[in-house]
Number of protein chains: 2
Amino acid sequence: MKLSTKGRYAVMAMADLARFGGDRPVTLADIAARQEISLSYLEQLFARLRQGGLVTATRGPGGGYRLTRSPQETRVSDIILAVDEPIKTTRCDIASPKGCTGTQARCLTHDLWEELGHQIHVFLAGVSLADILEKRVLGRASVGAALPATGPVGTVSLGSSATS
Amino acid sequence: MKLSTKGRYAVMAMADLARFGGDRPVTLADIAARQEISLSYLEQLFARLRQGGLVTATRGPGGGYRLTRSPQETRVSDIILAVDEPIKTTRCDIASPKGCTGTQARCLTHDLWEELGHQIHVFLAGVSLADILEKRVLGRASVGAALPATGPVGTVSLGSSATS
DNA sequence: GATTTCCTGAGTGGATCAATCAAGAAATTG
DNA sequence: CAATTTCTTGATTGATCCACTCAGGAAATC
(Lines give C-alpha, C1' and ligand atoms only; values in the text may rest on other atoms or scores of the structure.)
Protein backbone atom coordinates (compact mmCIF):
# COMPACT_ATOMS: atom_id res chain seq x y z
CA MET A 1 0.00 0.00 0.00
CA LYS A 2 1.64 3.11 -1.25
CA LEU A 3 0.77 6.43 0.36
CA SER A 4 1.06 9.51 -1.82
CA THR A 5 -0.66 12.80 -2.24
CA LYS A 6 -2.25 11.37 -5.36
CA GLY A 7 -4.16 8.91 -3.22
CA ARG A 8 -5.11 11.72 -0.88
CA TYR A 9 -6.56 13.78 -3.70
CA ALA A 10 -8.55 10.78 -4.83
CA VAL A 11 -10.02 10.24 -1.36
CA MET A 12 -10.84 13.94 -1.09
CA ALA A 13 -12.66 13.82 -4.41
CA MET A 14 -14.52 10.67 -3.51
CA ALA A 15 -15.58 12.13 -0.17
CA ASP A 16 -16.87 15.16 -2.03
CA LEU A 17 -18.73 12.88 -4.40
CA ALA A 18 -20.26 10.99 -1.51
CA ARG A 19 -21.37 14.18 0.18
CA PHE A 20 -22.79 16.11 -2.74
CA GLY A 21 -23.91 13.25 -4.91
CA GLY A 22 -27.50 12.42 -4.20
CA ASP A 23 -29.76 11.26 -6.99
CA ARG A 24 -28.00 13.38 -9.59
CA PRO A 25 -24.46 12.74 -10.79
CA VAL A 26 -21.75 15.18 -9.76
CA THR A 27 -19.66 17.08 -12.29
CA LEU A 28 -15.90 16.99 -12.16
CA ALA A 29 -15.96 20.75 -12.58
CA ASP A 30 -17.94 21.06 -9.34
CA ILE A 31 -15.54 18.82 -7.44
CA ALA A 32 -12.60 20.71 -8.88
CA ALA A 33 -14.08 24.00 -7.65
CA ARG A 34 -14.98 22.77 -4.17
CA GLN A 35 -11.83 20.81 -3.48
CA GLU A 36 -9.53 23.17 -5.37
CA ILE A 37 -8.05 20.45 -7.51
CA SER A 38 -7.22 20.99 -11.16
CA LEU A 39 -9.92 19.67 -13.46
CA SER A 40 -7.52 17.88 -15.76
CA TYR A 41 -5.85 16.19 -12.83
CA LEU A 42 -9.22 15.04 -11.56
CA GLU A 43 -9.91 13.60 -14.96
CA GLN A 44 -6.84 11.43 -14.66
CA LEU A 45 -7.81 10.26 -11.21
CA PHE A 46 -11.39 9.47 -12.15
CA ALA A 47 -10.26 7.55 -15.19
CA ARG A 48 -8.59 5.14 -12.79
CA LEU A 49 -11.45 5.16 -10.32
CA ARG A 50 -13.79 4.26 -13.13
CA GLN A 51 -11.53 1.45 -14.31
CA GLY A 52 -11.50 0.21 -10.75
CA GLY A 53 -15.27 0.08 -10.71
CA LEU A 54 -15.61 2.59 -7.89
CA VAL A 55 -17.55 5.17 -9.88
CA THR A 56 -19.80 5.20 -12.92
CA ALA A 57 -19.88 8.00 -15.47
CA THR A 58 -22.63 9.64 -17.45
CA ARG A 59 -21.83 11.91 -20.38
CA GLY A 60 -23.55 14.95 -21.69
CA PRO A 61 -25.43 17.74 -19.95
CA GLY A 62 -26.70 16.67 -16.57
CA GLY A 63 -24.07 13.98 -16.53
CA GLY A 64 -21.16 13.43 -14.20
CA TYR A 65 -19.97 10.77 -11.83
CA ARG A 66 -21.79 8.61 -9.34
CA LEU A 67 -20.55 6.21 -6.68
CA THR A 68 -20.98 2.64 -7.84
CA ARG A 69 -21.63 1.44 -4.30
CA SER A 70 -22.96 3.25 -1.26
CA PRO A 71 -20.68 5.45 0.86
CA GLN A 72 -20.90 2.79 3.57
CA GLU A 73 -19.55 0.17 1.18
CA THR A 74 -16.82 2.28 -0.39
CA ARG A 75 -13.55 1.76 1.47
CA VAL A 76 -10.66 4.18 1.53
CA SER A 77 -8.18 1.39 0.83
CA ASP A 78 -9.93 0.59 -2.44
CA ILE A 79 -9.72 4.21 -3.54
CA ILE A 80 -6.00 4.42 -2.91
CA LEU A 81 -5.30 1.09 -4.54
CA ALA A 82 -7.24 2.22 -7.61
CA VAL A 83 -5.27 5.39 -8.26
CA ASP A 84 -1.79 4.46 -7.09
CA GLU A 85 0.63 2.41 -9.08
CA PRO A 86 1.24 -1.13 -7.96
CA ILE A 87 4.11 -1.12 -5.51
CA LYS A 88 7.43 -0.54 -7.18
CA THR A 89 9.81 -3.31 -6.27
CA THR A 90 13.11 -1.69 -5.46
CA ARG A 91 15.47 -4.06 -3.73
CA CYS A 92 13.70 -6.02 -1.05
CA ASP A 93 10.50 -4.08 -0.94
CA ILE A 94 7.38 -4.95 0.94
CA ALA A 95 5.84 -6.72 -1.98
CA SER A 96 8.61 -8.92 -3.30
CA PRO A 97 11.20 -10.49 -1.01
CA LYS A 98 13.45 -11.43 -3.88
CA GLY A 99 16.20 -13.56 -2.44
CA CYS A 100 15.57 -12.16 1.00
CA THR A 101 15.28 -14.89 3.58
CA GLY A 102 15.06 -12.40 6.41
CA THR A 103 17.87 -13.78 8.51
CA GLN A 104 20.62 -12.62 6.19
CA ALA A 105 22.56 -9.55 7.22
CA ARG A 106 20.76 -7.43 4.70
CA CYS A 107 17.05 -7.07 4.91
CA LEU A 108 16.78 -7.45 8.64
CA THR A 109 13.86 -5.11 8.46
CA HIS A 110 11.75 -7.04 5.99
CA ASP A 111 9.14 -8.10 8.53
CA LEU A 112 8.83 -4.56 9.83
CA TRP A 113 7.78 -3.04 6.53
CA GLU A 114 5.52 -5.96 5.79
CA GLU A 115 3.74 -5.56 9.08
CA LEU A 116 3.52 -1.80 8.73
CA GLY A 117 2.00 -2.15 5.28
CA HIS A 118 -0.46 -4.58 6.71
CA GLN A 119 -1.37 -2.22 9.54
CA ILE A 120 -1.99 0.64 7.15
CA HIS A 121 -4.08 -1.47 4.86
CA VAL A 122 -6.24 -2.83 7.66
CA PHE A 123 -6.82 0.63 9.02
CA LEU A 124 -7.80 2.14 5.68
CA ALA A 125 -9.94 -0.88 4.81
CA GLY A 126 -11.90 -0.26 7.99
CA VAL A 127 -12.80 3.30 7.05
CA SER A 128 -15.61 4.01 4.59
CA LEU A 129 -16.62 7.23 2.92
CA ALA A 130 -19.60 7.33 5.23
CA ASP A 131 -17.24 7.20 8.20
CA ILE A 132 -15.35 10.19 6.83
CA LEU A 133 -18.48 12.26 6.27
CA GLU A 134 -19.79 11.48 9.74
CA LYS A 135 -16.37 12.02 11.31
CA ARG A 136 -16.04 8.58 12.82
CA VAL A 137 -12.32 8.37 12.29
CA LEU A 138 -10.43 9.91 15.18
CA GLY A 139 -9.31 7.61 17.96
CA ARG A 140 -10.12 4.51 16.01
CA ALA A 141 -8.22 1.32 16.79
CA SER A 142 -6.44 -0.41 13.98
CA VAL A 143 -6.39 -4.18 14.36
CA GLY A 144 -5.74 -7.02 16.73
CA ALA A 145 -7.88 -5.55 19.46
CA ALA A 146 -8.38 -9.01 20.84
CA LEU A 147 -4.72 -9.71 21.49
CA PRO A 148 -3.87 -9.93 25.17
CA ALA A 149 -1.55 -7.25 26.50
CA THR A 150 1.54 -9.22 27.42
CA GLY A 151 3.88 -6.38 28.14
CA PRO A 152 4.50 -2.66 28.26
CA VAL A 153 6.10 -1.79 24.91
CA GLY A 154 8.21 -4.68 23.77
CA THR A 155 5.27 -6.98 23.48
CA VAL A 156 6.15 -10.31 21.96
CA SER A 157 3.71 -11.59 19.43
CA LEU A 158 4.42 -13.84 16.49
CA GLY A 159 1.59 -14.49 14.16
CA SER A 160 0.12 -14.58 10.70
CA SER A 161 2.35 -13.31 7.93
CA ALA A 162 -0.34 -11.44 6.11
CA THR A 163 0.56 -9.55 2.96
CA SER A 164 -1.19 -6.29 2.24
CA MET B 1 5.25 10.95 10.00
CA LYS B 2 6.55 10.73 6.50
CA LEU B 3 7.33 7.33 5.05
CA SER B 4 10.00 7.17 2.41
CA THR B 5 12.70 4.80 1.32
CA LYS B 6 15.16 7.16 2.97
CA GLY B 7 13.69 6.27 6.34
CA ARG B 8 13.81 2.63 5.41
CA TYR B 9 17.50 2.81 4.60
CA ALA B 10 18.11 4.49 7.93
CA VAL B 11 16.31 1.76 9.82
CA MET B 12 18.19 -0.90 7.87
CA ALA B 13 21.49 0.72 8.77
CA MET B 14 20.53 1.11 12.42
CA ALA B 15 19.43 -2.51 12.61
CA ASP B 16 22.79 -3.50 11.18
CA LEU B 17 24.49 -1.32 13.73
CA ALA B 18 22.52 -2.91 16.55
CA ARG B 19 23.34 -6.39 15.36
CA PHE B 20 27.04 -6.06 14.60
CA GLY B 21 27.95 -3.37 17.09
CA GLY B 22 29.14 -4.92 20.31
CA ASP B 23 31.84 -3.23 22.33
CA ARG B 24 33.60 -1.87 19.27
CA PRO B 25 32.12 0.81 16.99
CA VAL B 26 30.96 -0.15 13.54
CA THR B 27 32.37 1.41 10.39
CA LEU B 28 30.10 2.96 7.81
CA ALA B 29 32.08 1.06 5.19
CA ASP B 30 31.06 -2.22 6.82
CA ILE B 31 27.41 -1.24 6.96
CA ALA B 32 27.57 -0.08 3.35
CA ALA B 33 28.99 -3.43 2.28
CA ARG B 34 26.54 -5.55 4.26
CA GLN B 35 23.39 -3.57 3.48
CA GLU B 36 24.45 -2.65 -0.04
CA ILE B 37 23.91 1.04 0.49
CA SER B 38 26.21 3.65 -0.98
CA LEU B 39 28.79 4.88 1.53
CA SER B 40 28.24 8.54 0.75
CA TYR B 41 24.53 8.14 1.16
CA LEU B 42 25.06 6.47 4.52
CA GLU B 43 27.21 9.41 5.55
CA GLN B 44 24.32 11.75 4.90
CA LEU B 45 21.92 9.58 6.87
CA PHE B 46 24.25 9.19 9.83
CA ALA B 47 24.91 12.90 9.93
CA ARG B 48 21.23 13.31 10.73
CA LEU B 49 21.12 10.35 13.08
CA ARG B 50 24.01 11.87 14.98
CA GLN B 51 22.34 15.27 15.16
CA GLY B 52 19.28 13.47 16.48
CA GLY B 53 21.34 11.93 19.25
CA LEU B 54 20.65 8.37 18.17
CA VAL B 55 24.27 7.45 17.48
CA THR B 56 27.67 8.64 18.63
CA ALA B 57 30.71 8.77 16.38
CA THR B 58 34.39 8.06 16.90
CA ARG B 59 36.92 9.18 14.35
CA GLY B 60 40.14 7.67 13.26
CA PRO B 61 41.26 4.05 12.91
CA GLY B 62 39.19 1.72 15.02
CA GLY B 63 36.47 4.33 15.04
CA GLY B 64 32.97 4.22 13.72
CA TYR B 65 29.44 4.57 15.05
CA ARG B 66 27.80 3.29 18.18
CA LEU B 67 24.21 3.33 19.34
CA THR B 68 23.68 6.02 21.94
CA ARG B 69 21.07 3.96 23.73
CA SER B 70 20.50 0.22 23.82
CA PRO B 71 18.68 -1.56 20.99
CA GLN B 72 15.75 -2.02 23.37
CA GLU B 73 15.54 1.72 23.90
CA THR B 74 16.00 2.77 20.26
CA ARG B 75 12.64 3.17 18.58
CA VAL B 76 11.99 2.95 14.87
CA SER B 77 9.87 6.09 14.95
CA ASP B 78 12.80 8.10 16.28
CA ILE B 79 15.02 6.87 13.46
CA ILE B 80 12.56 7.89 10.78
CA LEU B 81 11.86 11.24 12.37
CA ALA B 82 15.60 11.92 12.51
CA VAL B 83 16.33 11.39 8.83
CA ASP B 84 13.13 12.58 7.18
CA GLU B 85 12.32 16.18 6.61
CA PRO B 86 9.67 17.75 8.77
CA ILE B 87 6.36 17.22 7.06
CA LYS B 88 5.96 19.45 4.08
CA THR B 89 2.81 21.46 4.45
CA THR B 90 1.08 21.40 1.12
CA ARG B 91 -2.48 22.58 1.42
CA CYS B 92 -4.21 21.03 4.40
CA ASP B 93 -1.65 18.41 5.22
CA ILE B 94 -1.58 16.19 8.25
CA ALA B 95 0.56 18.57 10.22
CA SER B 96 -1.00 21.93 9.62
CA PRO B 97 -4.73 22.43 9.24
CA LYS B 98 -4.34 25.98 8.05
CA GLY B 99 -7.78 27.42 7.80
CA CYS B 100 -9.28 23.96 7.70
CA THR B 101 -12.11 23.58 10.16
CA GLY B 102 -12.96 20.12 8.94
CA THR B 103 -16.61 20.70 8.22
CA GLN B 104 -16.04 22.87 5.17
CA ALA B 105 -16.57 21.27 1.83
CA ARG B 106 -12.88 21.04 1.24
CA CYS B 107 -10.72 19.05 3.57
CA LEU B 108 -13.38 16.58 4.59
CA THR B 109 -10.61 14.06 4.97
CA HIS B 110 -8.50 15.95 7.46
CA ASP B 111 -9.27 13.68 10.38
CA LEU B 112 -8.52 10.60 8.30
CA TRP B 113 -4.94 11.55 7.55
CA GLU B 114 -4.40 12.75 11.04
CA GLU B 115 -5.55 9.48 12.50
CA LEU B 116 -3.58 7.46 9.96
CA GLY B 117 -0.44 9.38 10.82
CA HIS B 118 -1.13 8.72 14.45
CA GLN B 119 -1.60 5.02 13.82
CA ILE B 120 1.66 4.75 11.95
CA HIS B 121 3.52 6.67 14.59
CA VAL B 122 2.19 4.58 17.45
CA PHE B 123 3.03 1.39 15.63
CA LEU B 124 6.59 2.43 14.84
CA ALA B 125 7.10 3.86 18.31
CA GLY B 126 6.26 0.46 19.72
CA VAL B 127 8.96 -1.32 17.75
CA SER B 128 12.58 -1.20 18.92
CA LEU B 129 15.72 -2.30 17.17
CA ALA B 130 15.83 -5.26 19.53
CA ASP B 131 12.36 -6.24 18.37
CA ILE B 132 13.55 -6.20 14.77
CA LEU B 133 16.61 -8.33 15.46
CA GLU B 134 14.59 -10.86 17.41
CA LYS B 135 11.81 -10.81 14.83
CA ARG B 136 9.06 -9.74 17.23
CA VAL B 137 7.23 -7.69 14.66
CA LEU B 138 4.81 -9.79 12.64
CA GLY B 139 1.24 -9.94 13.82
CA ARG B 140 1.69 -7.14 16.28
CA ALA B 141 -1.29 -5.00 17.25
CA SER B 142 -1.08 -1.28 16.77
CA VAL B 143 -2.97 0.62 19.41
CA GLY B 144 -6.16 0.84 21.35
CA ALA B 145 -6.16 -2.84 22.19
CA ALA B 146 -8.37 -2.08 25.16
CA LEU B 147 -11.24 -0.59 23.15
CA PRO B 148 -14.37 -2.72 23.23
CA ALA B 149 -15.46 -4.20 19.94
CA THR B 150 -18.67 -2.34 19.24
CA GLY B 151 -19.32 -3.48 15.73
CA PRO B 152 -18.16 -5.44 12.69
CA VAL B 153 -16.19 -3.04 10.53
CA GLY B 154 -17.75 0.37 10.83
CA THR B 155 -16.96 0.65 14.48
CA VAL B 156 -17.83 4.04 15.91
CA SER B 157 -15.28 5.51 18.22
CA LEU B 158 -14.65 9.14 18.90
CA GLY B 159 -11.72 9.99 21.06
CA SER B 160 -8.49 11.76 21.63
CA SER B 161 -7.29 13.94 18.80
CA ALA B 162 -3.64 13.08 19.13
CA THR B 163 -1.19 14.59 16.71
CA SER B 164 1.71 12.52 15.49
C1' DG C 1 53.04 11.92 8.63
C1' DA C 2 50.44 8.48 6.62
C1' DT C 3 46.27 6.08 7.12
C1' DT C 4 41.76 5.64 8.73
C1' DT C 5 37.41 7.28 9.59
C1' DC C 6 34.07 10.67 10.23
C1' DC C 7 32.17 15.18 8.39
C1' DT C 8 30.24 18.55 5.09
C1' DG C 9 28.64 20.62 0.95
C1' DA C 10 27.69 20.78 -3.82
C1' DG C 11 25.99 18.67 -7.78
C1' DT C 12 23.61 15.01 -10.90
C1' DG C 13 20.35 11.80 -13.36
C1' DG C 14 16.07 9.82 -12.92
C1' DA C 15 11.46 9.32 -11.32
C1' DT C 16 7.24 10.96 -9.92
C1' DC C 17 3.94 14.49 -9.04
C1' DA C 18 0.63 17.84 -10.21
C1' DA C 19 -0.74 20.17 -13.79
C1' DT C 20 -1.51 21.74 -18.61
C1' DC C 21 -2.72 21.36 -23.39
C1' DA C 22 -5.08 19.30 -27.06
C1' DA C 23 -8.20 16.54 -29.29
C1' DG C 24 -12.06 13.69 -29.45
C1' DA C 25 -16.59 10.90 -28.26
C1' DA C 26 -21.13 10.41 -26.27
C1' DA C 27 -25.35 12.65 -24.70
C1' DT C 28 -28.58 16.32 -24.11
C1' DT C 29 -30.89 20.62 -25.52
C1' DG C 30 -32.85 23.88 -28.62
C1' DC D 1 -29.07 19.12 -37.20
C1' DA D 2 -26.24 22.23 -34.46
C1' DA D 3 -24.49 23.66 -30.26
C1' DT D 4 -23.37 22.71 -25.73
C1' DT D 5 -22.09 19.86 -22.05
C1' DT D 6 -19.48 16.42 -20.05
C1' DC D 7 -16.66 12.55 -20.04
C1' DT D 8 -12.30 10.26 -22.29
C1' DT D 9 -7.66 9.85 -23.74
C1' DG D 10 -2.91 10.99 -24.82
C1' DA D 11 1.13 13.88 -24.86
C1' DT D 12 3.89 17.09 -22.51
C1' DT D 13 5.80 20.14 -18.96
C1' DG D 14 8.00 22.32 -14.69
C1' DA D 15 9.08 21.30 -10.13
C1' DT D 16 10.51 18.52 -6.61
C1' DC D 17 12.61 14.82 -4.26
C1' DC D 18 15.26 10.67 -4.14
C1' DA D 19 19.41 8.07 -4.20
C1' DC D 20 23.69 8.75 -5.37
C1' DT D 21 28.30 10.65 -6.62
C1' DC D 22 32.12 13.71 -6.18
C1' DA D 23 35.24 16.54 -3.78
C1' DG D 24 37.45 18.24 -0.05
C1' DG D 25 38.28 18.58 4.72
C1' DA D 26 38.92 17.46 10.02
C1' DA D 27 39.96 14.54 13.88
C1' DA D 28 42.20 10.39 15.62
C1' DT D 29 45.42 6.51 15.57
C1' DC D 30 49.69 4.21 14.35
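All figures in this text were calculated on a predicted structure; none of them were measured in a lab. Every chain is numbered from 1 and lettered A, B, ... according to where its sequence line falls, protein lines coming before strand lines.
- In this structure, OH of B:Y41 is placed 15 Å from C1' of C:dG11, rounded to the nearest angstrom.
- Each of B:D131, B:I132, B:L81 was scored for a side chain to side chain contact (heavy atoms under 4.5 Å, CB included) with B:V76, with one residue passing: B:I132.
- Of the candidate nucleotides D:dC7, C:dT5, D:dC20, D:dC7 has the atom nearest to the side chain of A:L28.
- The CZ atom of B:R24 sits 13 Å away from the C1' atom of C:dT5 (whole-angstrom rounding).
- Rounding to whole angstrom units, NZ of residue A:K6 and C1' of D:dT16 are separated by 15 Å.
- Between the CG atom of A:L45 and the P atom of D:dT8 there is a distance of 14 Å, given to the nearest Å.
- For the side chain to side chain contact (heavy atoms under 4.5 Å, CB included) with A:I79, the lone residue among A:L124, A:D84, A:L49 that qualifies is A:L49.
- We find that CZ of A:R48 is positioned 19 Å from P of D:dC7, with the value rounded to whole Å.
- A:R48 and A:A82 make their closest contact through CB-O, 3.6 Å (heavy atoms, listed as atom of the first residue, atom of the second, distance).
- Of the candidates C:dA19, C:dT20, D:dT8, the closest approach to any side-chain atom of A:S40 belongs to C:dT20.
- Checking D:dT8, C:dT8, D:dT21 against the side-chain heavy atoms of A:R50 singles out D:dT8 as nearest.
- Nearest to the side-chain atoms of A:R59 among the listed nucleotides D:dT9, C:dA27, D:dC20 stands C:dA27.
- In terms of polar N and O atoms assigned as donor or acceptor, the side chain of B:E43 never comes within less than 3.5 Å of the base of D:dT21 in a complementary pairing.
- Residue-level contact check: B:V55 touches neither bases nor backbone, having no heavy atom under 4.0 Å from any strand.
- A donor-acceptor contact under 3.5 Å is not formed by the side chain of A:Q44 with the base of D:dT8.
- Residue A:S38 has a polar side-chain atom (N or O) positioned under 4.0 Å from OP1 or OP2 of C:dT20.
- One interatomic measurement links the two molecules: CD of A:Q51 to C1' of D:dC7, which rounds to 13 Å at whole-angstrom precision.
- Summarising the geometry of B:V26 relative to B:F20, their closest heavy-atom pair is CG2-O, 3.7 Å, with the distance given to 0.1 Å.
- Atom P of nucleotide D:dT6 and atom CG of A:L42 are separated by 15 Å, given to the nearest angstrom.
- Ring pair B:Y65/B:F46 is tilted by interplanar angle, where 30° to 60° counts as tilted.
- Across all strands, A:V83 comes closer than 4.0 Å to no nucleic acid atom at all (heavy-atom distances).
- Comparing A:G62 and A:L39 against DNA chain C, the residue whose closest nucleotide sits nearer the 5' end is A:L39.
- Between the CZ atom of A:R66 and the C1' atom of C:dA27 there is a distance of 14 Å, given to the nearest Å.
- Minimum atom distance to the side chain of B:P61 is reached by D:dT29, of the listed D:dT21, C:dC6, D:dT29.
- Backbone-only engagement by B:Y65 is indicated by non-hydrogen atom pairs under 4.0 Å involving sugar-phosphate atoms exclusively.
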